[in-house]
Each structure stands twice: as C-alpha cells, then as structure tokens.
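FYI, side chains are in, hydrogens and waters are out, and symmetry mates aren't considered; it's all heavy atoms of this structure. Quick note on labels: first sequence line is chain A, next is B, and so on, each numbered from 1.
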There are 2 protein chains.
Amino acid sequence: MSLGTTIRVTRQRQVLLDELCKLYTHPTADELYQIARKRLPRISLGTVYRNLELMAEHGMIQKLEVGGTQKRFDGNAAPHYHVRCLKCGRLDDLNLPLDLDLDRQAGELTDFTILRHSLEFTGICPACC
Amino acid sequence: MSLGTTIRVTRQRQVLLDELCKLYTHPTADELYQIARKRLPRISLGTVYRNLELMAEHGMIQKLEVGGTQKRFDGNAAPHYHVRCLKCGRLDDLNLPLDLDLDRQAGELTDFTILRHSLEFTGICPACC
DNA sequence: GTGTCTGCAAACCATTTGCATCGGT
DNA sequence: ACCGATGCAAATGGTTTGCAGACAC
C-alpha cells in the first residue's frame, strides 16, 4: 500500500490506464500486458502488476475478486455486477442496479460490520451455446 | 473430472469428509491437510486436493469461489451466502435466504443463460474491531 | 537532487501432475 | 485381478519481490 506517497505520471501508467479504460473485457494482468506491449515494447509484467495494484488502491480502477484462477481488472471504478461464462470464462457487465439494501439486511444477521458485497452470476454465454 | 467412474470409499476420503463437515470455518486445502494429518500422518497434500476436487464435482461439498488467494471448502453442500473479514480473512456463513429471483432478473438483462449466482459480503469481524 | 518507478530475473506459493505402488471392489 | 487412489516429488502458473539503473518532480 502506498497511499501516503506521491503518484508520478509515468508513460507506463498512462498507457495501462488508457488501454484498460478502452476495454470492456475485464482483462487479466497478462492480457493487459500483451496489449500494452504494442505501445511500450519494453514494459515488464512486474510493472503491470504493480500499477494495477496501485491504481486499484487509489480507486482509479477495480480489481475484481471473482471466480477463476486469474484476477481481472475493470476500468470502471463504480461497483457493479458481472456474469461469467462457465465454459469460456468470458466476463460481462450486468446492468442490474446495485442493491445497497443487501448490506443492511446482512448487517442485521451478523456481528460483522458490513462494508460492501460482490455478486457474480454464473451461466453460459451465447457463443458457448 | 471423473463423473463416469466409481468412487471408492478410502480412509483418506472418509477422514477428509468427516473433518470438513465438523468444521464451520470454511478451511483451505492446507488447513484441512493439517487437521487430517492428526488422524492419517502419511496423507499427502496432493490427495487432499484431489479428493476435495472430486467431492465438489459430485456435489458432496462446495468449493467456494470467493475472494482471497486460497480456495476454501464448505462441508455444507447447499448454496448459501458468506461474509468475509477484510482484516483477518475469516469467512462466516450468513443466514440470509437465497434469492432465486436474482437469477431471473439477471437473465432478463443478458444473453447468458444464468445458472446460479454467488454473493459475498465484505466487512470487519467483531474480533478485528 | 531526491525519492519513486522501471526492467529484469529470481523467488514465492497455491495447486496440479507423473509415476510407481497400494488397496478397494 | 482390475483399475482407481495414494504418497512423493517435481512441475506449473499466477503473482510478488530485490536490486541497480532510469526518470518524474
């Protein structure tokens, strides 16, 4: 975590944020690395991970804590829901309104202080059948 | 996947299922390995992973696709929701009724065929503050 | 000039897998 | 006896980290 220090505007940072915001595919770190390489051939995977982590900490992007082996990233920082295809792993946004009442209901049933929730649907995408 | 073959009743399988069903902590594979070792000192971590995977495929237990670096397992095979502590990672059951209407609503907003959903709350547990 | 950021390579850690042997049926 | 299951150790794959040089400010 580095919330106390200055964030410098580097070329790598600019390109990563720019490319991530252009995509609606919720790419993995490696997918974004492959894309960024076209503009910055010498960028390293380590830099991609460090910057995605940093930008997520600062609320500029979202690190999605969803199913699957790899983490995915979302240029849209506003909380929203997703659908994942069971067969191909494709992850789409879902236009279902955020249900903030869920947090209140959950809070009444537990001793935890509820901060937020994440909701992910699983299904089969049109391309997979 | 091995849904077409016979499942044998081995001592390792019995112990793992028995111990998992006694716990309400949603252990990781390694935590369950440490517990099982007390009864079967020669059991291997590979066997733990293989059996948890197999039992999940057969619907005897649940593999939880939730946040965090390690997968967690639940001896309760019936779908239900969870709360995770942001600080210590503790994962508790949440007594909120399963909302099956969510799948219907989601289905109307996407081309995916919705099969199920997972809902995880994030908060701070009483022990952490 | 100072302190952050980068590329590179090595390290890490959860999980998976190949293989010879064991054991349930 | 057959074939699935096990223990062991090595391999895998995503992610993190240490370090010396580069760059933003």
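- The nearest whole Å value for the distance from the CZ atom in R42(B) to the C1' atom in dA5(D) is 15 Å.
- Summarising the geometry, the separation between OH on Y33(A) and P on dG14(D) is reported as 13 Å, rounded to the nearest angstrom.
- Atom-to-atom, CG of L40(A) to C1' of dA22(D) comes out at 15 Å; the value is rounded to the nearest Å.
- Between the side chain of R50(B) and the base of dG18(C), at least one donor-acceptor pair of N or O atoms lies under 3.5 Å.
- Atom CZ of R37(B) and atom P of dG7(D) are 11 Å apart (whole Å).
- N51(B) comes within 4.0 angstrom of the backbone, heavy atoms only, and of no base.
- At least one side-chain nitrogen or oxygen of T47(B) sits closer than 4.0 Å to the OP1 or OP2 atom of dG7(D).
- In terms of position along DNA chain C, the nucleotide closest to L45(B) lies nearer the 5' end than the nucleotide closest to the other residue of the pair R11(B) and L45(B).
- Heavy-atom nearest nucleotides on DNA chain C were determined for V9(B) and for G46(B), and the one closer to the 5' end corresponds to G46(B).
- In this structure, the OH atom of Y49(A) is 17 Å from the P atom of dC8(C), given to the nearest Å.
- Shown here is N95(B), whose CG atom has no more than 12 heavy atoms of other residues, nucleotides or ligands within 6.0 Å.
- At whole-Å resolution of the value, CG in L17(A) and P in dC5(C) are 15 Å apart.
- Side-chain proximity of T10(B) to dT6(D), dT4(C), dG7(D): nearest is dT6(D).
- By the side chain to side chain contact (heavy atoms under 4.5 Å, CB included) test, T10(B) pairs with R8(B), Q12(B), R13(B), sequence neighbours left out.
- Counting all heavy atoms, side chain and backbone alike, C85(B) lies closest to I124(B) at SG-CA, 4.0 Å.
- Distance CZ (R13(B)) to P (dG7(D)): 11 Å, rounded to an integer number of Å.
- Under 4.0 angstrom from either OP1 or OP2 of dC23(D) there lies no side-chain N or O belonging to Q12(A).
- One finds no salt bridge joining E53(B) and R50(B) here, because no Lys/Arg side-chain nitrogen approaches an Asp/Glu carboxylate oxygen to under 4.0 Å.
- Per the geometry, CZ belonging to R72(A) stands 16 Å off C1' belonging to dT15(D), to the nearest Å.
- Remark on DNA chain D: of its neighbouring residues V48(B) and D30(A), the 5'-side contact belongs to V48(B), judged by nearest-heavy-atom nucleotide.
- For R8(A) against dT4(C), a side-chain N or O and a base N or O form a donor-acceptor pair under 3.5 Å.
- With salt bridges taken as basic N to acidic carboxylate O contacts below 4.0 Å, none links K63(A) and E57(A).
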